[in-house]
Amino acid sequence: MVDLERTRDLFMVAAIFGTFGFAWAGWAQEAPPPRLRALLGALGAASLLVGVAGGLLAWQNWDEPSSFSGADDGIRFGIVVGVEVVLCLVGSAVLAARRRTGLVAAWVSLVVGVHFVPLVFLFDNQTLLVPAAAMVVSAVLAWRRAPAVGSPDGAGRLAASAVTGLVNAPVLLLTAAANLVLGLASS
């Protein structure tokens with residue numbers, strides 16, 4: 001379910017997810033197959049446009065209802081995001097220490113995907129379940145498709161950043177666009 005009365009939240013989801021769709025499309029540019037570069041560029045550009053539109057609309061609708069009705073809501077959100085950031089940093093450091101930096105994108109995707117689940121309840125917005133599932137799936141796919149340590153050519157496998165970006169960027173873009181449309185339809 002989606003609370004259509006919380007238009008500011010819908011526009012904020014569009015802003016944040018559009019921006020992160022842009023980021024994942026950019027991260028995927030680290031080592032994509034050449035034939036996918038234009039697609040990743042288009043995904044990045046579209047995501048950024050939706051993100052900017054969502055941000056402007058959130059700003060214009062700042063006085064509209066929001067999930068953040070009190071300090072406790074902000075604290076809960078901060079805890080969820082804080083745990084996410086710490087897990088991303090610690091996992092990335094462990095991967096770097098093990099010389100598996102190529103898997104950082106998969107790790108971050110997994111952590112971010114899981115962190116969306118409590119946000120579904122905080123924002124009363126089930127559209128967040130789609131990117132949650134997609135990001136976990138992309139992490140698993142990327143982990144399985146990543147080149148083995150010491151493999152000089154990667155044995156024809158895609159970089160984890162390419163796998164996660166090719167899955168996450170369009171899903172985040174679509175989630176952002178859906179929330180943007182829902183916000184516009186209900187405002």
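Bear in mind the structure is a predicted one, so any value in this text is a computation, not a measurement. Both backbone and side-chain heavy atoms feed into the values below; hydrogens, waters and symmetry mates do not.
- Considering every non-hydrogen atom in both D3 and L10, the closest pair reads O-CD1, 4.3 Å.
- Under the salt bridge (Lys or Arg N to Asp or Glu O under 4.0 Å) criterion, D124 pairs with no residue, sequence neighbours left out.
- Contacts of F20 classified as ring-ring contact (aromatic ring centres under 6.0 Å, His included), with partners at least two apart in sequence or in another chain: none.
- Listed by chain and number, the residues in a side chain to side chain donor-acceptor pair (under 3.5 Å) with S138 are S109, N168 (sequence neighbours excluded).
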* Between L173 and V50, is a side chain to side chain contact (heavy atoms under 4.5 Å, CB included) present by the stated rule, with each step listed? -> CA-CA 8 Å; L173 170 60; V50 171; 3.8 Å; yes
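- Under the 4.5 Å side-chain heavy-atom criterion for Ile, Leu, Val, Met, Phe, Trp and Tyr, L39 and L48 are members of distinct hydrophobic clusters.
- With rounding to the nearest 0.5 angstrom, the CG atom of L4 is 9.0 Å from the CG atom of N125.
- In this structure, the side chain of W27 does not engage the main chain of A162 through any donor-acceptor pair within 3.5 Å.
- Residues A14 and G54 come closest through the heavy atom pair CB-CA, 4.0 Å.
- Annotation: F123, atom CZ; neighbour count of heavy atoms from other residues, nucleotides and ligands within 6.0 Å is above 12.
- For the atom pair S187 OG and Q60 CD, the distance stands at 9.5 Å (nearest 0.5 Å).
- Scanning for salt bridge (Lys or Arg N to Asp or Glu O under 4.0 Å) contacts around R76 gives D73, with sequence neighbours left out.
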* To do: Would you check, one step at a time, whether the test side chain to side chain contact (heavy atoms under 4.5 Å, CB included) holds for T127 with N179?
  => CA-CA 8 Å; T127 67; N179 277 270; 3.0 Å; yes
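- Remark: H115 NE2 to L128 CG distance equals 9.0 Å, nearest 0.5 Å.
- A single hydrophobic cluster is seen to contain both V114 and V104, as judged by linkage of ILVMFWY side chains at heavy-atom distances under 4.5 Å, directly or through other members.
- To the nearest 0.5 angstrom, M135 atom CE is 4.5 Å from W24 atom CH2.
- The nearest pair of heavy atoms linking T175 to P131 is OG1-CD, 3.5 Å.
- Both V120 and V13 are part of a single hydrophobic cluster, where members link through side-chain heavy atoms under 4.5 Å apart.
- Considering all non-hydrogen atoms of both residues, S92 and C88 come closest at OG-O, 2.7 Å.
- Partners of E30 by side chain to side chain donor-acceptor pair (under 3.5 Å), not counting sequence neighbours, listed by chain and number: S161.
- Tracing side-chain contacts under 4.5 Å through hydrophobic residues (I, L, V, M, F, W, Y), one reaches V111 starting from L122; they form part of the same cluster.
- One finds the CD1 atom of I16 at 9.5 Å from the CG atom of D9 (value rounded to the nearest 0.5 Å).
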* Asked: After noting the C-alpha distance and the side-chain angles of L36 and L166, does the key distance pass the side chain to side chain contact (heavy atoms under 4.5 Å, CB included) rule?
  -> CA-CA 9 Å; L36 296 177; L166 287 165; 3.5 Å; yes
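- For the ring-ring contact (aromatic ring centres under 6.0 Å, His included) test, residues two or more places apart in sequence or in another chain that qualify with F17 are F116.
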* Step by step, work out the side chain to side chain donor-acceptor pair (under 3.5 Å) result for S66 and R6. => CA-CA 5 Å; S66 172; R6 297 179 182 164; over 6 Å; no
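- A pairwise comparison of heavy atoms in V112 and E84 identifies CG2-OE2, 3.1 Å as the closest pair.
- In this structure, V137 and V167 have side chains that are not in contact, with every pair of non-hydrogen atoms separated by 4.5 Å or more.
- The two atoms that bring W107 and W143 nearest to each other are N-CZ3, 4.2 Å, heavy atoms only.
- Note that CD of Q29 is 5.0 Å distant from CG of L40, once rounded to the nearest 0.5 Å.
- Between F77 and the choices V81, V80, I79, the side-chain contact (heavy atoms from CB on, under 4.5 Å) rule is met once, by V81.
- A continuous path of Ile, Leu, Val, Met, Phe, Trp and Tyr side chains, each step under 4.5 Å between heavy atoms, connects L89 with L103, placing both in one hydrophobic cluster.
- With contacts defined as side-chain heavy-atom distances shorter than 4.5 Å, the pair S47/T19 does not qualify.
- Note: W59 and W62 fail the aromatic proximity criterion, with ring centroids not under 6.0 Å apart.
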